[in-house]
Structure formats: structure tokens, C-alpha cells
Amino acid sequence: MIRILLRELVAKKEIAEKRRIRLDEIAEATGISKTTLSKMQSVHDYNAKTENLNRLCAYFDCKIQDLLEYMPDS
């Protein structure tokens, strides 16, 4: 299973910028709907579009491996 590390990246950005970051802000900056961001953050097997992954990498200024984690099926 591939897990999207959106919560972790938001937390790191909040610490670095010393402020709260809401999904509304990320949605506005990336063009990804708040509903989609919420699903990416919550649903363990969410099938994200590569376009959205690209937008998130640009927003967080990170590499794809910072955004995704492979977890072997048990």
C-alpha cells in the first residue's frame, strides 16, 4: 500500500512557519479541492492523481519520496 504523508508535511510546514495551515489554504494554492485533500489525508488507500501529487510537491517544495511511503501489505 502507498500512504500519502500529507498530515506529516502539513505539520512540518506549520512548525517551520510557526503558524497553522488549513486545507483551505493548500486548496487555494494548489488548485486541489479541499474534499480531495481531505481524502488524501484520511483514506489509507486513496488513489491520487499524479497531477495532484505534482502540485503538492511544488507547494511543499519536496520530493515525491517525502510525500509518499510504501507500506507492505500484511
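- In this structure the side chain of I26 never reaches within 4.5 angstrom of the side chain of I32, judged on heavy atoms.
- For the residue pair T36/S33, the side-chain donor-acceptor check at 3.5 Å is satisfied.
- Enclosure of atom CZ in R3 by more than 12 non-hydrogen atoms of other residues, nucleotides or ligands within 6.0 angstrom is indicated.
- Contact between A27 and K34 at its shortest, heavy atoms only, is CB-N, 3.9 Å.
- One finds the CE atom of M40 at 4.5 Å from the CG atom of L56 (value rounded to the nearest 0.5 Å).
- Annotation: side chain of L23 is in contact with side chain of Q41 (closest heavy-atom distance under 4.5 Å).
- The distance from the CG atom of L67 to the CZ atom of F60 is 8.0 Å, given to the nearest 0.5 Å.
- To the nearest 0.5 Å, atoms CD (E14) and CG (L9) are separated by 11.5 Å.
- I64 is connected to Y70 through a chain of hydrophobic side-chain contacts under 4.5 Å among Ile, Leu, Val, Met, Phe, Trp and Tyr, so both are in one cluster.
- At a threshold of 4.0 Å, the pair E8-K12 does not count as salt-bridged, since none of the basic side-chain nitrogens sits closer than that to a carboxylate oxygen.
- More than 12 non-hydrogen atoms from other residues, nucleotides or ligands lie less than 6.0 angstrom from NZ of K13.
- Residue E28 qualifies as open at atom CD: its count of foreign heavy atoms under 6.0 Å is 12 or below.
- In this structure, the side chains of E25 and Y59 come closer than 4.5 Å at one or more pairs of heavy atoms.
- Looking at S42 and R7, their side chains come closer than 4.5 Å, going by heavy atoms from C-beta outward.
- Contact record, L6 with L37: CD2-O, 3.5 Å, taken as the closest heavy-atom pair.
- Using a 4.0 Å cut-off between charged side-chain N and carboxylate O, E17 and R19 make a salt bridge.
- Looking at heavy atoms from C-beta onward, L5 lies out of side-chain contact with L68 at the 4.5 angstrom threshold.
- Of the possible polar contacts, none joining the N52 side chain to the K49 backbone as a donor-acceptor pair under 3.5 Å is found.
- More than 12 heavy-atom neighbours from other residues, nucleotides or ligands sit within 6.0 angstrom of CG on D24.
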